[in-house]
Amino acid sequence: MLGIRNRHDLLELGSRHFIWVVLVLTAVVFGSTIDKYLSVPNITNILITGSVLGVLVIGQALCLMARKLDLSAEGTVSLVAVMAAWLMLPYREQDFAQAGGLGVELDPLIVIPIILLLGAFVGFLNGFMIMKLNMNFFIVTLAMQLVLRGLALAISEGAIMPGTPAAFNWLGGGRVAGIPVSVIATIGLYLVFGFVMSRMQFGRKVYAVGANEDAARASGFSPARTVILVYTASGFLAAMAGWMLLGRLEASVPTLGVGMTLNVVAAAVIGGVSLKGGEGSIIGAFAGVLFLAMVNNALNLMNVDPLWVNAVRGLIILVALIIDAQKSRYRGRAAAPDKAKRAEANQSAALS
Amino acid sequence: MNRAGPNRLVSLMVDNLIWLFVIGAFIAFSLLSDRFLSPYNLGNILLRSAAFGMLVLSQAYTFITGNFDLSVESSLGLTAMFAALMLVTSEAGGWGWQLHPLLVILLMLVLGGLIGLFNGVLITKVGVNNLLVTIAMLFVLRGATYGISPGTSISFFPKEFTWLGGGTLARIVTDDGNFVLSVAGIFVILAFLVGHIHTRYTQFGRNMYAVGADADAARAAGINVDRVVIIVYIIAGVCAAFAGLLQAGRLNAATPTMGANLIFAVHGAAIIGGMSIYGGRGNIIGAFGGVLLWSILDTGLNIMRVSPFWIDVSRGLLLLFAVLLDALRVRYQRNVQMRMALAASTIGLDDKEHSDG
């Protein structure tokens with residue numbers, strides 16, 4: 001059924017979907033060593049904590065596939081969360097680093113479209129500056145991150161704004177038939193974007209732009225349009241993630257999302273999305289997210305000294321990467337070596 | 001450099017745009033605030049960004065070969081904490097070894113180099129993606145910093161240890177205050193000079209550019225690519241250890257969060273200085289311009305008493321403006337090249353000659 005004829009095909013299949021093998025191994029190892037790791041409440045927990053990361057990873061994966069990066073997404077998360085709380089909460093003097101909102105007390109049903117549009121607009125702005133003004137994507141999105149984070153701090157004056165309304169919190173904290181809404185929404189987004197990237201023309205254009213922008217231009221479509229759309233989607237998804245995170249915490253913290261970008265990029269790349277563009281799949285990125293969420297959860301349950309958690313997490317990721325590298329090496333030997341050469345040639349052509 | 005044709009002055013300016021930014025920012029802040037030009041502040045600009053500068057130098061090296069090392073910000077923290085623990089008494093939170101400061105400095109540089117070696121070997125010999133290795137190492141090293149720290153900051157080091165980061169070479173007394181020539185500032189300038197000479201005028205430096213431009217071609221040309229990349233990562237690790245030494249020396253303290261979240265700013269400074277994350281482009285002196293620009297913005301905005309909440313916003317906007325000008329520069333250069341190529345081409349002329357004859 002899968003077209004397996006011999007041992008080579010089996011190995012090939014295994015290495016192509018290697019991240020899933022790693023996932024199963026991780027589940028087996030943690031499941032057998034940690035009590036109740038594979039229980040329903042804990043799996044739900046893993047999925048809930050993975051959902052915000054997961055939404056951000058979709059946007060980042062799109063950018064990576066187009067051979068770009070979006071460092072501004074974590075800034076969008078901050079700003080969107082602060083904006084939403086600021087617009088919805090009643091006015092209150094700041095005390096003990098807690099404050100109320102602006103005092104306009106908008107309805108969540110008005111605020112949600114506002115923040116989603118804001119996120120999309122930020123993304124559009126990134127894309128426009130990068131493609132139409134030819135500005136360096138790394139610095140544009142880095143600068144945008146600084147601007148957005150700064151605005152979030154300036155609006156909130158560094159204070160926490162607790163008590164967002166229930167209707168707003170539904171996405172992040174609500175449940176439908178016992179299943180968290182955030183998990184359903186995240187899976188839904190993965191299905192939609194997975195379909196778009198693998199089955200629709202837009203997806204093929206993104207891969208084409210990522211593999212070789214000049215060739216894409218020569219073949220008659222506008223890379224600018226595609227990339228601007230990619231960034232707009234990334235901004236929109238970052239706003240979704242901000243909405244989700246704020247809904248789960250029920251309080252806006254201006255430092256929300258700080259340092260998330262590294263985790264997001266790591267999840268995407270672990271899931272097989274290449275930094276060099278034109279490679280990887282949305283479903284693979286999803287596996288990367290699951291892997292990180294499972295590791296984080298296991299570290300919590302194992303009562304690792306909080307001072308050492310980061311070190312242990314980093315080590316586990318490192319081990320996974322080393323195993324992954326062995327796989328690529330195997331594939332590199334098995335697959336035609338000229339393929340790598342061709343990719344390299346494309347790349348240098350695109351750069352010169 | 002031998003650029004015939006269109007306006008050479010403009011070309012010269014366009015090629016050194018980063019220095020125009022630096023001068024422009026310098027003049028702008030001098031006009032906006034009367035305290036910016038005070039001798040004290042001028043002496044301070046380089047001192048405050050000395051550690052940042054060493055991190056940029058480390059990234060300049062890796063960028064040239066088309067690699068990056070995100071873990072340097074954590075190496076800074078770990079080496080500084082490691083040194084602090086070896087220096088102070090156990091009552092002050094250390095390990096109570098109270099080693100000689102020079103030995104400690106040597107050990108922290110060795111630690112930095114070993115971290116670099118580890119990164120380099122994983123990337124070249126094991127074949128792990130460079131971004132992921134260094135992100136994972138960023139977590140590992142930061143975690144280890146927290147793990148070995150007593151949970152708080154450690155302070156009060158011997159004079160020999162803090163000399164490089166906090167010492168002064170000379171103090172010039174003027175009416176407006178003192179101009180302090182800091183050891184750290186001079187050290188960073190020297191480090192960038194050495195780096196420039198090393199990458200520009202040695203065989204190894206040329207190999208670095210070759211690897212960054214096209215690793216396969218470099219390999220085909222007989223360059224030992226793995227060796228070059230590993231050495232570059234070791235250099236980056238040692239630079240990060242120097243950054244830790246400078247930072248700990250300036251603050252006379254080591255905290256577990258030292259250097260955290262610096263890495264993207266470091267990359268920003270290197271890229272604005274003309275480096276490319278895809279390798280083979282830019283030079284170390286340009287990267288130094290990036291450091292200067294960043295620290296002028298930092299001290300300038302601070303001295304103008306911009307609210308800390310708005311500093312990030314204005315820093316981001318200024319950065320955007322700088323990249324916009326840089327993009328215009330690239331467009332201009334492309335136009336110039338196109339014009340020169342057209343002027344040099346003889347296709348049209350040839351045809352005419354033939355038809356005439």
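So that the names make sense, note that chain A is the first sequence line, chain B the second, and so on, each numbered from 1.
- Separation of atoms CE (A/Met129) and CG (B/Leu324) is listed at 9.0 Å; rounding is to 0.5 Å.
- Residue A/Val140 touches chain B through both its backbone and its side chain, counting heavy-atom pairs closer than 4.5 Å.
- Using a 4.5 Å cut-off between heavy atoms, A/Leu71 touches chain B through its side chain atoms alone.
- Both the backbone and the side chain of A/Leu133 have a heavy atom closer than 4.5 Å to some heavy atom of chain B.
- There is no contact between B/Leu141 and chain A, counting heavy-atom distances below 4.5 Å.
- Between atom CD1 of residue B/Ile263 and atom CG of residue A/Leu142 there is a gap of 11.0 Å, rounded to the nearest 0.5 Å.
- Contacts of A/Asn136 with chain B are made by both backbone and side-chain atoms, with heavy-atom separations under 4.5 Å.
- The shortest heavy-atom contact between A/Ala143 and B/Gly316 is CB-O, 3.3 Å.
- Distance check: B/Leu70 CG to A/Thr261 OG1 gives 11.0 Å after rounding to the nearest 0.5 Å.
- Put simply, CH2 on B/Trp310 and CG on A/Leu151 are 5.5 Å apart, with the number rounded to the nearest 0.5 Å.
- Atom CG of A/Asn263 and atom CZ of B/Phe139 lie 4.0 Å apart (nearest 0.5 Å).
- Screening A/Leu262, A/Val269, A/Leu318, A/Ile270 for a side chain to side chain contact (heavy atoms under 4.5 Å, CB included) involving B/Ile135 leaves a single residue, A/Leu262.
- Here the shortest heavy-atom pairing between B/Ile271 and A/Ile139 reads CG2-CD1, 3.3 Å.
- Minimum interatomic distance between A/Ala311 and B/Ala144 (heavy atoms only, all atoms of both residues): CB-N, 3.7 Å.
- Residue contact with chain B, scored on non-hydrogen atoms closer than 4.5 Å, is absent for A/Val312.
- Taking CD1 from B/Ile311 and CG from A/Leu153, the interatomic distance works out to 11.5 Å, rounded to the nearest 0.5 Å.
- Only the side chain of B/Leu122 comes within contact range of chain A, with at least one heavy atom under 4.5 Å from a heavy atom of that chain.
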